[in-house]
Amino acid sequence: MSLSLLSNPEVLVDQVVNGLTIGGIYALIAMGYTLVYGILFMINFAHGEIFMFGSFTGFFVLSALVQSGFAERFVVLSILTALLGAMAVSSLLGVLLERVAYRPLRKAPRLAPLISAIGASIFLQNVMMLIVKARMQIYPDVFPEDFLELGRFSISYFQIFIILGSIVMMAGLVLFIRKTKTGKAMRAVAEDKDAAALMGVNVDRIIVVTFVVGSCLAAVAGVMVGMYYTQINHMMGFMPGIKAFTAAVLGGIGNVAGCMVGGYVLGISEAFSVFFLPAQYKDVIAFSLLVLILIFRPRGIFGEVVSERA
Amino acid sequence: MVSHRNPGSSALKHAFRTAPSWILPVGLVIGLCVLPPLVGNYWTHVLAYIGIYVMLGIGLNVVVGFAGLLDLGYVAFYAIGAYSYALLASPQFGIHIPFWAMIPVCVFLACLGGVLLGIPVLRMRGDYLAIVTLGFGEIIRIMLNNLDKVTNGPKGLLRIDPPSIGSFEFSTPTHYYYLILAGCLLSAFIADRLNNSRIGRAWIAMREDQDAAALMGIDVLKYKLLAFAIGASFAGAGGIIFAARQGSIFPDDFSLMVSINVLCLIIIGGMGSVTGVILGAVILIGVPEVLRAVALYRMLAFGALLVIMMVFRPTGFIVSSRRKLEFHKES
């Protein structure tokens, strides 16, 4: 790869589209981190595993539908079923996780929930490993592989589906938080749990809702990643988890709009890194970006100062 | 003194209580020295493996237990120690520097790595520090994996020279057992001296309340860097012994799981105490080694154990005597 490629408009547009696709996925996962951080001030280290479970649920559902021949006739309906199944399993997992591993530790010293989350993450990885036997799984191919031709440029319909899908999900979340009563309660709890409780907000219930919403978004991202990269395994939660966290910090953790921007910035940086760095170093981008942003702008692009508070 | 609460306590218990404080450690060391011929090669091997983790645990305990800095990239310094020895004492570049001369070099390089990581992250606390250090560990691993010309990539470095004294060459598990035991004892001694020194007290003050410590005139940044540097040095020493013992090393030996294991063993054993580190290493490293038969469920149990431990006993099995006396506000 060389810099001269940068002057080639087709390649440039391709990389922007790739960046937006993967950035949207990062942003979806990052929402889960941001929501939980905003309310509990803890990093849900097991969020990557919720994403992984979502991806596998989608895989099981789609595989079954492909085998029964249903997926051939009703593509959209199959994908919707897979998404809904993944959301159901992931949110159940999120609720369980909160209940078993985090709620008892809400008043414990800061280190305890972090270790508990790492433990939960290792546990979930191994549960999935026992189910699928540590093999790469090939995601069923249901989406038609067509391209949208725009003069000299072409975008696959699948990328359009991911980009639009992630935008719709994010817009839905913003509306949910801004407009609904539950969203208002979430903001109140994030501001001050005790005061919110005094105003009649059921804090425990709001925290559960937060986990459900975050897990649903991660599940959708999981299905999208499965269909996009076509290979999944039980370890797949780790890297996207870290990257999504980076996206959340980039945008200012706790800030939902910042999350999206952070996701896209990270996705596009990664897509463009292939011009400057060998592909194996792609994963280093997120970590370097994370260190740099925490050093020079610890509040992220939009957020408040948090790196000192933690 | 006979306990007033329990007047019936036996003479044995009384003798135990009045025994000089050095009896137990000295007894333990003598016991460990005569162990290898009694337990055979396999167990000596397992014990040596546990020993390396004890060294790592003692080092990370300086960073997390004493200074309160949560470091999830600890494996990076272990890797620096191991790879510096492997590169300079193997056919890779045809350089063969003796093991003993490389010890200070490896420790110094790891220490330097600690400072280099420490400087940019000095301002961070808690979860943020954890995730940035985690990133540092991963960057080092990805580099080891991809700098093919230097580190030989995933194929690893092979035929690393064993340590030797004169014409005597370290070869059996027992030889390495004693080397590692010596390393553990030295580490434990240094950590104990540090804990009871001015530096150790500064770390504890800083861990309890950084702002108050700064107000009392403690140079917080200096002591944080010192904690990173000293902790990393222990890992560097562990790394060189590991490389020498294995004879070959691969990037996969230095995955995030090593950092997590070390962190967990000091938390399960009880933070801030050397006895706790030993107990934690025996539980987390030794028991799974014995449970090879159920290897499939090993990590599953490990994860569950961490959660259960945090929920029911977040302070670990053995709480350091000083920690017990500390005032801890539930925040």
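Residue numbers begin at 1 in each chain, while the letters A, B, ... track the order of the sequences.
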Proximity breakdown for Tyr102(A) and chain B, heavy-atom pairs closer than 4.5 Å: neither

Could you look at Leu263(B) and say if it's the side chain, the backbone, both or neither that has a heavy atom under 4.5 Å from chain A? side chain

Quick one: what part of Leu300(B) sits under 4.5 Å from any heavy atom of chain A, side chain, backbone, both or neither? both

Check whether Met128(A) gets within reach of chain B through its side chain, its backbone, both or neither, counting any heavy atom under 4.5 Å. neither

Counting only heavy atoms closer than 4.5 Å, note whether Leu105(A) contacts chain B via side chain, backbone, both or neither. side chain

Does any backbone or side-chain atom of Ile119(B) lie under 4.5 Å from a heavy atom of chain A? Answer side chain, backbone, both or neither. neither

Which answer fits Ile308(B), side chain, backbone, both or neither, if we ask what part of it has an atom under 4.5 Å from a heavy atom of chain A? neither

Which atom pairs, one a donor and one an acceptor, fall under 3.5 Å between side chains of residues 67-74 of chain B and the rest of the protein, sequence neighbours left out?
unit_1	atom_1	unit_2	atom_2	d
Asp71(B)	OD1	Gly73(B)	N	2.8
Asp71(B)	OD1	Tyr74(B)	N	3.4
Tyr74(B)	OH	Leu56(B)	O	3.3
Tyr74(B)	OH	Leu60(B)	N	3.2
Tyr74(B)	OH	Gly231(B)	O	2.9

At a heavy-atom distance under 4.5 Å, which candidate from Ala101(A), Pro104(A), Ala112(A) has the highest pair count against chain B? Ala112(A)

Are Asn44(A) and Tyr37(A) linked by a side-chain donor-acceptor pair shorter than 3.5 Å? no

Bottom line for Leu130(A): the part with an atom under 4.5 Å from chain B's heavy atoms is side chain

Looking at Arg141(B) and Asp253(B), does any basic side-chain N land under 4.0 Å from a carboxylate oxygen? no

Pairing donors with acceptors under 3.5 angstrom, does anything connect the side chains of Glu49(A) and Gln125(A)? yes

Here the salt bridge (Lys or Arg N to Asp or Glu O under 4.0 Å) pairs for residues 245-271 of chain A, sequence neighbours left out, are Lys243(A)-Glu270(A)

Under a 4.5 Å cutoff for heavy-atom pairs, which residue among Ile118(A), Asn126(A), Val284(A), Ile122(A) has the most contacts with chain B? Asn126(A)

Criterion side chain to side chain contact (heavy atoms under 4.5 Å, CB included) on Thr151(B) and Met143(B), from CA distance to verdict: CA-CA 9 Å; Thr151(B) 66; Met143(B) 277 166 57; over 6 Å; no

Looking at Asp148(B) and Pro154(B), what are the two nearest heavy atoms and their distance? OD1-CD, 4.3 Å

